[in-house]
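Here the structure is laid out as structure tokens; the discussion comes afterwards.
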Amino acid sequence: MYTKQRGITGLETAIILIAFVVVASVFAFTVLSTGVFSSERAKETIFAGLEQTKSSLRPSGSVIAFRGYVGSTEAIFKFSMVVEAVDGAEPIDLTAPYTADGSGTDPDSSVTTNRTSIVYIDDNQILQNVPWSVSFMGDDNGDNMLDEGEKAEIQVWLLNRTTGTAVTANSSVNYMASSTTGLTSSGTLLTPNDQFTVEVQPADGAVLTVRRTLPAALDSVVNLR
């Protein structure tokens, strides 16, 4: 008896298998390429985030508060703190918006644009971009950039200092003009037992936050550790 049979040849089978392999290879390459691209983008995002969150500044020593008198009321008129760049950090622009020369009334506007800003906060007020001046310490290279291995003393000013009056006398310090970002007559003086926060905000890197509480009795110079 004759039986009719149908089938495919080995050549047809090979063509089908090759087509499957080619399609699978293209799909696998697409998936791998997409995965590699996504991984690279994720890595860039992670490193960018780390650069933003990594602190560029650190304190070097104590925070010092200075007392004066607004009329006959004692109050802190400025803070001083020494900062340095962390190891491996990029140079930090410490071009200050104010200077202090110890004559007349301090601080004095430096008519420069600052990229680092300082915020003062206490229970009664927030002062954005508060006046500050800077002095580089030791062997610096003469510019306003804080490089690795350098230190700088930042002075944060809340009130004006009348240098011709002894700091222990009445009216040795005064409110700042309303056109400044310092403490004006509408603000609240910083007095004994008050808590405050100073935030140093460089153009790049994380914010350096300093929190302190004033003692119950104030000397002319108060070491807040």
Side-chain angles (χ1 to χ4, degrees), residues 50-68 75-122 126-163 167 173 176 180-183 190 195-214 219-225:
L50 288 174
E51 286 298 319
Q52 289 298 317
T53 57
K54 184 175 66 175
S55 178
S56 302
L57 285 172
R58 63 186 174 200
S60 178
S62 301
V63 176
I64 308 297
F66 295 83
R67 182 200 65 184
I76 298 300
F77 69 92
K78 75 171 180 178
F79 304 104
S80 173
M81 55 186 176
V82 177
V83 297
E84 61 183 345
V86 300
D87 296 339
E90 293 295 320
I92 301 162
D93 190 343
L94 288 185
T95 301
Y98 287 80
T99 61
D101 57 8
S103 65
T105 299
D106 282 335
D108 306 303
S109 177
S110 62
V111 197
T112 58
T113 301
N114 55 298
R115 299 192 66 217
T116 296
S117 61
I118 295 180
V119 178
Y120 168 82
I121 305 168
D122 63 28
I126 299 176
L127 303 179
Q128 302 284 349
N129 202 20
V130 68
W132 61 279
S133 55
V134 66
S135 298
F136 283 82
M137 306 173 65
D139 186 19
D140 70 280
N141 53 16
D143 60 14
N144 292 320
M145 305 299 291
L146 183 66
D147 301 307
E148 184 176 350
E150 292 182 345
K151 293 184 179 182
E153 180 187 10
I154 293 177
Q155 294 187 332
V156 182
W157 296 83
L158 300 182
L159 299 164
N160 286 324
R161 167 76 176 105
T162 304
T163 61
V167 73
V173 298
M176 291 191 172
T180 71
T181 52
L183 190 57
L190 188 64
Q195 187 178 59
F196 67 92
T197 300
V198 173
E199 295 181 349
V200 182
Q201 302 177 342
D204 299 304
V207 174
L208 171 62
T209 301
V210 177
R211 294 186 180 91
R212 295 292 188 274
T213 300
L214 295 176
D219 296 323
S220 296
V221 178
V222 185
N223 188 343
L224 300 177
R225 304 287 186 264

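Each residue takes its place number in the sequence, starting with 1.
For the pair Ile154 and Val83, the minimum side-chain heavy-atom distance is below 4.5 Å. In this structure, the side chains of Pro91 and Leu146 stay at 4.5 Å or more apart for every pair of heavy atoms. Within the 4.5 Å cutoff, no side-chain heavy atoms of Val167 are placed close to those of Arg67. Proximity of Val198 to Phe196: side-chain heavy atoms (C-beta onward) are separated by under 4.5 Å at one or more points. For the pair Gln201/Leu208, no side-chain contact is recorded, criterion being any heavy-atom separation below 4.5 Å from C-beta on. Residues Pro107 and Asn160 meet the side-chain proximity criterion, which asks for heavy atoms closer than 4.5 Å.
Between Val134 and Ala96, the shortest heavy-atom distance links the atoms CG1-CB, 3.8 Å. Nearest heavy atom pair, residue Val207 against residue Pro202, reads CA-CD, 4.5 Å. Of all heavy-atom pairs between Asn114 and Thr95, the closest is CB-O, 3.2 Å. The two atoms that bring Gly182 and Met176 nearest to each other are CA-SD, 3.6 Å, heavy atoms only. The shortest non-hydrogen separation linking Met145 to Glu150 is O-OE1, 3.0 Å. Across all non-hydrogen atoms, the minimal contact from Val119 to Gln128 is CG2-OE1, 3.3 Å.
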Evaluation steps, side chain to side chain contact (heavy atoms under 4.5 Å, CB included), between Leu158 and Phe79
CA-CA 8 Å; Leu158 300 182; Phe79 304 104; 3.8 Å; yes
Starting from the C-alpha separation in whole Å, work towards a yes-or-no answer on side chain to side chain contact (heavy atoms under 4.5 Å, CB included) for Val210 and Glu199.
CA-CA 6 Å; Val210 177; Glu199 295 181 349; over 6 Å; no
What verdict does the side chain to side chain contact (heavy atoms under 4.5 Å, CB included) test give for Ile92 and Leu94, after you've listed the backbone C-alpha separation in whole Å, the side-chain angles of each residue and the deciding distance to 0.1 Å?
CA-CA 6 Å; Ile92 301 162; Leu94 288 185; 4.2 Å; yes
Between Thr197 and Thr209, is a side chain to side chain contact (heavy atoms under 4.5 Å, CB included) present by the stated rule, with each step listed?
CA-CA 7 Å; Thr197 300; Thr209 301; 3.7 Å; yes
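Taking OH of Tyr98 as the start and OG of Ser133 as the end, the distance is 10.5 Å to the nearest 0.5 Å. Atom OG1 of residue Thr180 and atom CG of residue Leu127 lie 9.0 Å apart, to the nearest 0.5 angstrom. Rounding to the nearest 0.5 Å places CD of Gln155 at 5.0 Å from OG of Ser80. The distance from the NZ atom of Lys78 to the CH2 atom of Trp132 is 14.5 Å, given to the nearest 0.5 Å. Summarising the geometry, atom CG belonging to Asp106 is positioned 13.0 Å from atom CG belonging to Leu159; distances are rounded to the nearest 0.5 Å. Atom CG of Leu183 and atom CH2 of Trp157 lie 14.0 Å apart (nearest 0.5 Å).
Salt bridge present: Asp87 and Arg58 bring a charged side-chain N and a carboxylate O closer than 4.0 Å.
With sequence neighbours excluded, the residues forming a side-chain contact (heavy atoms from CB on, under 4.5 Å) with Val82 are Ser60, Met137, Lys151, Glu153, listed by chain and number.
The main-chain N or O of Arg225 is found under 3.5 Å from a side-chain atom of Arg212 such that the two form a donor-acceptor pair. Between the side chain of Thr213 and the backbone N or O of Gln195, no donor-acceptor pair lies under 3.5 Å. A donor-acceptor pair under 3.5 Å links the side-chain atoms of Thr163 to the main chain of Gly104, judged by distance alone. Not a single donor-acceptor pair under 3.5 Å links the side chain of Ser62 to the backbone N or O of Leu224. For Asp93 (side chain) and Thr116 (main-chain N/O), no donor-acceptor pair under 3.5 Å exists by modelled atom type.
The aromatic rings of Phe66 and Phe77 lie tilted to each other, with the angle between the two planes from 30° to 60°.
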